Amino acid sequence: MTGQQPGIPGLLGLHASYIAGQMGTWRSGTRHALAPDCMRSIAVKLTDKDITAVSTWLARQPRPADPRPAQASAQRLPLACGSQPQ
Ligand code: HEM
């Protein structure tokens with residue numbers, strides 16, 4: 001959850017309201033990432049309750065001692081993300 005190079009940002013240390021807000025902007029179409037926009041695909045599948053739950057949970061996780069993102073990996077993502085080309 002500290003992200004992965006080059007394009008997946010870390011999610012630890014973010015406020016729940018920021019995370020939920022970003023999910024809302026993807027759902028409403030005001031935030032776009034490079035196509036294919038995997039975060040939009042994820043956000044539109046989540047209910048308001050899901051977003052509250054995941055945002056609250058993420059914001060409660062401790063910050064790791066080493067906050068650096070993981071190295072780029074050859075492992076395939078579960079869905080294609082234009083911001084993280086493979
Ligand atoms: C419920 C699960 C997930 C949540 C709550 C979530 C949340 C977020 C949030 C809040 C951001 C924006 C961070 C910021 O503005 O600093 C983000 C960005 C991103 N996430 Fe997710 N994420 C989820 C799953 C995934 C998965 C499974 C992938 C990969 C397959 C992914 C790939 C990305 C990428 C590539 C970005 C950067 C998009 C851009 O270029 O703007 N996320 N995610």
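Indexing begins at 1, ligand by ligand and atom by atom, following the structure's order. Please read these numbers as outputs of a predicted model, since none were measured by experiment.
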* Asked: Out of curiosity, is Trp26 lining ligand 1, as in a heavy atom under 4.0 Å away?
  -> yes

Hey, what do you get for [atom1] ([X]) to [atom2] ([Y]), rounding to the nearest 0.5 Å?
| X | Y | atom1 | atom2 | value |
| --- | --- | --- | --- | --- |
| Leu58 | Ile19 | CG | CD1 | 4.5 Å |
| Met39 | Arg31 | CE | CZ | 8.0 Å |
| Leu14 | Gln61 | CG | CD | 12.5 Å |

* For atom 21 (Fe) of ligand 1, which protein N/O/S atoms are closer than 2.8 Å? -> Met39 SD

I'd like to know if the side chain of [X] reaches the main chain of [Y], judged simply by a donor and an acceptor atom lying under 3.5 Å from each other, with no hydrogens or angles considered.
| X | Y | answer |
| --- | --- | --- |
| Gln84 | Gln5 | yes |
| Arg27 | Arg40 | no |
| Thr2 | Arg68 | yes |
| Gln4 | Ala70 | no |

* Asked: Which protein non-hydrogen atom lies closest to atom 29 (C) of ligand 1, naming both residue and atom, and how far is it?
  -> Cys81 SG, 3.6 Å

* Looking only at protein heavy atoms, identify the closest one to atom 16 (O) of ligand 1 and say how far it is in Å. => Tyr18 OH, 3.7 Å

* Over 12 foreign heavy atoms within 6.0 Å of CD, Gln86 -> yes

* If you count the atoms of ligand 1 from 1 in the order shown, which ones are under 4.0 Å from a heavy atom of Leu79? -> 30 (C)

* To do: Would you mind listing which atoms of ligand 1 come within a distance below 4.0 Å of any non-hydrogen atom of Ala33?
  => 38 (C), 39 (C), 40 (O), 41 (O)

* Asked: Just going by heavy-atom distances, which of Pro85, Ala20, Ser83, Ser41 is nearest to atom 39 (C) of ligand 1?
  -> Ser83

* Would you check whether Arg31 has a nitrogen or oxygen atom less than 3.5 angstrom from a nitrogen or oxygen atom of ligand 1? => yes

* Asked: Side chains of Leu77 and Cys38: does their closest heavy-atom pair fall under 4.5 Å?
  -> no

